[in-house]
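Chain naming here is simple, since letters A, B, ... match the order of the sequence lines and numbering starts at 1 in each. In this text the structure is predicted, and so the values were computed from the model without any measurement.
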Protein chains: 2
Amino acid sequence: MDAEEFRRRGREMVDYVADYLENIEKRHVYPDVEPGYLRSLIPSEAPEEPESYEDIMKDVERVIMPGVTHWHSPNFFAYFPTGSSYPAMLADMLCGAIGCIGFSWAASPACTELETVMLDWLGKMLQLPECFIAGTSGQGGGVIQGTASEATLMALLAARCKAIRSVQSKHPEKSESDIVSKLVAYTSEQAHSSVERAALIGGVTMKKVPNDHRYSLRPDVFKQMLEEDKAGGLIPFFLCATLGTTSSCAFDPLTDLGPICNSEKMWLHVDAAYAGSAFICPEFRPLMKGIEFADSFNFNPHKWLLINFDCSAMWVRKRTDIIGAFKVEPLYLKHENQESGLVTDYRHWQIPLGRRFRSLKMWFVFRLYGTKGLQAYIRKHVALAKEFESLVRADKRFEICAEVILGLVCFRLKGTNELNQALLKRITKSREIHLVPCQLSGRFVLRFAVCARTTESHHIHQAWRHITQLTFELLQEPCH
Amino acid sequence: MDAEEFRRRGREMVDYVADYLENIEKRHVYPDVEPGYLRSLIPSEAPEEPESYEDIMKDVERVIMPGVTHWHSPNFFAYFPTGSSYPAMLADMLCGAIGCIGFSWAASPACTELETVMLDWLGKMLQLPECFIAGTSGQGGGVIQGTASEATLMALLAARCKAIRSVQSKHPEKSESDIVSKLVAYTSEQAHSSVERAALIGGVTMKKVPNDHRYSLRPDVFKQMLEEDKAGGLIPFFLCATLGTTSSCAFDPLTDLGPICNSEKMWLHVDAAYAGSAFICPEFRPLMKGIEFADSFNFNPHKWLLINFDCSAMWVRKRTDIIGAFKVEPLYLKHENQESGLVTDYRHWQIPLGRRFRSLKMWFVFRLYGTKGLQAYIRKHVALAKEFESLVRADKRFEICAEVILGLVCFRLKGTNELNQALLKRITKSREIHLVPCQLSGRFVLRFAVCARTTESHHIHQAWRHITQLTFELLQEPCH
C-alpha cells in the first residue's frame with residue numbers, strides 16, 4: 001500500500017471509526033459467541049499473495065464485530081471505564097506515524113520531554129505535592145506506564161531494592177536472598193489482584209490487612225501486624241494503599257497510614273487507578289488527603305480521563321529510587337547527553353525497554369478539552385452514578401452495598417447470592433447492558449459503573465428499567 | 001470534538017501522516033536540540049479552556065518535530081528497525097476505535113481469539129515445531145507481549161516457578177526463598193541488557209557464558225559452568241539463548257545448547273527479537289535450527305515485519321507453565337466460559353492486566369502483504385546490508401567486524417577506538433544519517449542496520465559516501 005492508497009483508505013477508516021462509534025448503540029453490547037467461534041471463520045494460514053483491502057474490511061464486520069464486547073457503548077457498565085475520545089485517537093495516529101521507540105532521551109528527545117512535562121501538567125491539575133513535580137530541578141517526576149499493574153510492580157521492585165540496600169548498609173554480611181526472605185509487603189484485602197501478583201513476581205511475602213465496614217484498610221490492625229512481624233524478625237518494607245478499590249471504590253485512610261509508613265521507613269505506594277482522574281475536581285481532592293506521605297502514586301488517565309489505553313500515570317518522590325533499582329547500561333543504548341543530569345532515560349523507569357510516544361494523547365486531550373472540560377466530564381459521570389443509586393434506593397427489593405462516592409454503584413437484590421447470580425446471568429444473556437459482579441463481605445454484588453463517554457441520563461433509566469424487568473421475571477419463577 | 005469534526009480532522013491527520021512519511025527525507029534524521037529544549041516552548045500548565053485544533057497542529061511542527069529522531073527516515077541506520085506500514089496504521093485506528101481491554105476472553109472474545117489464530121499463522125509462516133501451535137487442541141500457543149524484555153521476563157518467571165515446584169516436590173521442607181537463592185540463570189555475554197534485567201527483577205542469579213570469535217555462546221564452557229555450579233549446590237534452571245544479538249546479530253548454537261538444557265531439565269528461552277522475522281524465508285530458517293528444544297520462543301514483528309510497535313510475538317510449548325506461574329483470580333474478572341478449556345485469558349500470560357487489540361495489526365499486514373510480500377521485504381533489507389558490506393570491504397581503511405548474516409553490518413576504521421568514536425561523533429553531528437555503536441571484543445564498533453521500509457540502494461550508497469567524506473576530513477586533521 002503506497003501513500004496515495006493510504007490517503008484513501010485512511011479516510012475510509014476515519015469514517016468507519018466515526019460510524020462505529022455513532023451507531024454503537026445499535027449493536028448488542030455483549031457478544032453472542034461461543035469460545036472458539038473465530039477460528040472457523042478465517043483460513044488456518046496466512047495468504048501467500050496479498051488480498052484486497054475491501055475483503056479485509058468486509059471481514060471486520062463478518063469476523064471481528066460479532067465477537068466484540070463494546071466497551072464504548074453507553075450500555076456498557078462493566079469493570080471500570082476505559083478512556084476513548086476523538087482527540088486521543090487523532091494523537092494516536094500521529095504517534096503511529098512518528099513511530100519512534102523512546103527508550104532513551106536520544107532515541108527521540110521530544111518523546112521523553114513531552115512526557116515529563118505532561119506528567120507535570122497532570123500532577124498540577126491534581127495539585128499533587130510539589131515533590132512529585134519534575135520541573136527543572138525537582139527530584140521527583142512522572143512517567144507513563146502501560147498499566148497500573150506495571151506501576152505497582154515497579155514501585156514494589158524499587159522498594160525491595162531500597163530495603164535490601166538499607167539492611168546491607170547496616171549488616172553487610174547478610175545475603176540478598178536472606179533479606180528478601182524476611183521482607184513483607186502489605187495491602188488491603190480489597191486491593192486489586194495485580195498487587196498480589198506484583199509480590200509474586202517480586203518474590204516477596206505479601207500480607208493482606210483486613211478492612212472495616214466501608215472496605216477501607218484498618219490502620220489499627222495494620223499497626224498491630226507490623227509490630228508482630230517485626231517481633232518475629234521480619235522486615236516490613238512496602239504498603240500498597242488503594243484510593244478507589246475495584247470492587248466497591250473504597251478509599252484507604254492515607255492520613256493514618258502515611259505517618260505509619262514514614263516512621264517505619266516503609267515505601268508507601270498509592271494506587272488510585274480509577275479514582276485518580278476525579279482528583280482534577282477540587283471537590284474530590286479531599287479523597288486523596290495524605291498523598292504527601294506517599295513515595296509513589298499512580299492512576300490511569302486511560303480509564304477516566306478520555307485518553308485511550310494505554311496511559312497509566314505514575315509519579316515518584318525520588319527519581320533515583322526507581323532508576324537505581326534496575327539500571328543496566330549497554331553501549332548501544334548510551335548517548336552523549338545522558339550524564340547531563342537534565343536528561344531522563346525512561347527505560348530505567350519501567351519493565352519494557354521500548355515505548356510509544358504516548359504523551360501526545362495527553363497533550364491533545366488536555367488542550368482540546370481544557371481542564372474545565374475534563375472536570376465537567378468527571379462530574380457528569382458521578383452525577384449519573386448518583387442518579388442510578390437513587391433509582392436503586394427507591395426500590396425496596398434492592399439494597400446499595402457500598403457508599404457511592406464516584407461513578408460506581410454496588411447493589412444487589414435483598415436475598416441470597418444465588419438469586420443475584422441468577423439475575424446477573426439474565427442480564428448478561430439479554431446483551432442489552434453489561435455488568436460484572438464483585439464480592440463484598442461474602443456477598444455476591446452487582447457492580448454498575450458509568451463507563452462510556454456517551455452515557456446519558458436516559459441510558460441510566462433504560463438500564464434500570466431493564467434490570468427491574470428481568471428482576472420481575474426472575475421473581476415470578478416458582479423456584480424463587 | 002464530535003464525530004463530524006473527527007471526520008474532518010481525521011482526514012487532515014491521514015494527510016499529515018502521509019505527507020510526513022512521504023517527505024521524511026527532507027528532515028534531518030537526528031534532531032539538533034539540547035536536553036530540556038521542549039519545556040520552554042509550551043506553557044507550564046494545562047489550559048483551563050479548550051484550545052483550537054489548528055493551534056495544536058501548528059505546535060506539532062513547532063514543538064514536537066524539531067525534537068524527533070526520525071526512525072522511519074531511509075537515512076536512519078541506528079539500533080534495529082521498528083516496524084511501520086500503512087496497513088498496520090489503519091489497523092491501529094480500528095484498534096483505537098474498538099478500544100476494548102482484552103484481559104480475558106469475555107472482555108472481548110474477538111480480541112483474544114484473533115490473537116491466538118494470528119500467532120498460529122505466524123508460527124506456521126516460520127514453520128515453528130507443532131508444539132508451539134495452539135490449533136484447537138495444542139498444549140502450546142502464542143501471545144502478543146509488549147516487548148521482548150517482557151517475554152524474557154515472563155519466561156524467566158515461569159521457569160523460576162517451575163523450578164521451585166520441582167525442588168519442593170522432592171524436598172517439601174525447603175522454603176521458596178532458600179530455593180530461589182540457589183537458582184542460576186544463564187545467558188551469553190552478548191545477550192541483550194534486558195535479559196540481565198529480567199534476572200534482577202526475578203531476584204535470581206544470572207551468569208554470563210563467554211562467547212567464541214563469532215560472538216556465539218560457547219556450549220563447552222556452558223556445560224562446564226553447569227557442572228561446577230551443580231557441584232557447588234546451585235540449581236541451574238534457565239538459559240536465554242539469542243538468535244541475532246543486538247550488538248552484532250550473532251547466533252547461539254541451539255543444536256548444541258538445546259540437548260544440554262533438555263537433559264538438565266532447564267528452561268530454554270530463545271530470544272530472536274530482531275532476527276526472528278527473517279525466518280519466514282526458507283533460506284534463513286536454518287538459522288533457527290534447534291528451536292525444537294526450546295520451551296519458549298520470542299521475536300518482534302514490530303521490528304522487522306512491518307507491524308507498528310508494540311507487537312512482540314511469544315510462543316510457549318506448554319501454556320500451563322506460563323499461566324500457572326501467576327494466576328490470581330478475583331470475582332470481578334471471572335466469567336462463565338473460563339473453565340471450558342477452549343478459552344484463553346491472556347492476562348495470565350503477561351505482566352500487565354490490560355491489553356490492546358494488537359492482533360488486528362498482524363491480520364491487516366499479513367493479508368495486505370501476503371507471505372510473499374513480507375519475504376520480499378526481508379530479502380530486500382538483507383541485500384541492502386550486503387551491498388553496504390561490499391562498499392566497506394572495498395575500502396582498505398575499514399574492516400568488517402562480524403559476519404553479515406541479515407540486515408546489520410558491524411564495521412570500523414582500522415585504528416584506535418578513539419578514532420572510531422571521533423568518526424561516530426561527526427556522523428551524529430552531521431545529522432545526515434544516524435548510527436549507534438557497539439562494543440565487540442573490547443573494540444568500539446559502528447553498527448549500520450538497514451531500518452526503514454523506504455530505504456533503497458541509493459540511500460546505502462549516499463550513506464557510504466557521507467561516511468567516507470567524514471572519514472576523509474577526520475584523517476586530514478593533524479591529531480590523527
Side-chain angles (χ1 to χ4, degrees), chain A residues 1 3 6-7 10-11 13-14 17-18 22 35-36 38 45-51 64 67-69 71 82 84 86 89-90 92-93 96-97 99-101 108-110 113 121 124 146-147 149 177 181 193 196-197 203 328 330-332 337 342-343 352-354 366-367 370-371 436 438-439, chain B residues 1 3 6-7 10-11 13-14 17-18 22 35-36 38 46-51 64 67-69 71 82 84 86 89-90 92-93 96-97 99-101 108-110 113 121 124 146-147 149 177 181 193 196-197 203 328 330-332 337 340 342-343 352-354 366-367 370-371 436 438-439:
Chain A
M1 184 179 289
F6 173 72
R7 286 177 204 268
R11 278 157 207 215
M13 186 59 90
V14 166
V17 168
E22 280 200 302
L38 185 139
E45 290 188 36
E48 278 285 307
E49 304 287 342
E51 295 184 59
I64 303 300
V68 170
T69 304
W71 283 62
T82 181
S84 171
Y86 293 122
M89 282 184 257
L90 292 169
D92 238 357
M93 289 164 67
C100 61
I101 307 298
S108 217
E113 297 208 2
W121 277 24
K124 288 175 189 174
T147 59
S149 312
S177 62
S181 73
S193 55
E196 191 180 337
R197 211 156 168 268
V328 178
L331 184 59
Y332 50 80
N337 280 305
L342 266 170
V343 159
L353 174 62
F366 294 164
R367 294 183 69 182
T371 308
V436 293
C438 70
Q439 200 160 29
Chain B
M1 184 179 289
F6 173 71
R7 287 178 203 268
R11 279 158 208 212
M13 186 59 91
V14 166
V17 168
E22 280 199 302
L38 185 140
E48 277 286 307
E49 305 287 343
E51 296 184 59
I64 304 301
V68 170
T69 304
W71 284 61
T82 181
S84 171
Y86 293 121
M89 282 185 256
L90 291 168
D92 237 357
M93 289 164 68
C100 62
I101 307 298
S108 218
E113 297 207 2
W121 277 23
K124 289 175 188 173
T147 58
S149 313
S177 61
S181 72
S193 56
E196 190 181 337
R197 211 157 167 266
V328 179
L331 185 59
Y332 49 79
N337 280 304
S340 79
L342 266 171
V343 159
L353 174 63
F366 295 164
R367 294 182 69 182
T371 307
V436 293
C438 70
Q439 200 161 27

Chain A interface, residue from [options] that has the most non-hydrogen pairs under 4.5 Å:
options: Ala3(B), Gly10(B), Cys438(B); answer: Ala3(B)
options: Ala46(B), Gly203(B), Ala18(B); answer: Ala46(B)
options: Thr82(B), Val17(B), Leu353(B), Leu90(B); answer: Leu90(B)
options: Ser177(B), Ser108(B), Ser149(B); answer: Ser108(B)
options: Glu49(B), Arg11(B), Arg7(B), Gln439(B); answer: Arg7(B)

Partners meeting salt bridge (Lys or Arg N to Asp or Glu O under 4.0 Å) with Glu51(B) (sequence neighbours left out):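 Arg367(A).
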Contacts of Glu48(A) that satisfy salt bridge (Lys or Arg N to Asp or Glu O under 4.0 Å) - sequence neighbours left out: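 Scan of Glu48(A) (salt bridge (Lys or Arg N to Asp or Glu O under 4.0 Å), adjacent residues dropped) gives none.
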Contact origin within [X] toward chain B - heavy atom pairs under 4.5 Å:
X: Ser181(A); answer: both
X: Val436(A); answer: side chain
X: Thr147(A); answer: side chain

Gly99(B) versus Trp71(A), closest heavy-atom pair with distance: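 Heavy atoms only, the tightest pair is O-CB, 4.0 Å.
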Could you state the interatomic distance from OH (Tyr86(B)) to CE (Met13(A)), rounded to the nearest 0.5 Å?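 So the gap between those two atoms works out to 15.5 Å.
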Set out, in order, the CA-CA distance, both residues' side-chain angles and the distance that settles side-chain contact (heavy atoms from CB on, under 4.5 Å) for Met89(B) and Met93(A), then state yes or no. CA-CA 7 Å; Met89(B) 282 185 256; Met93(A) 289 164 67; over 6 Å; no
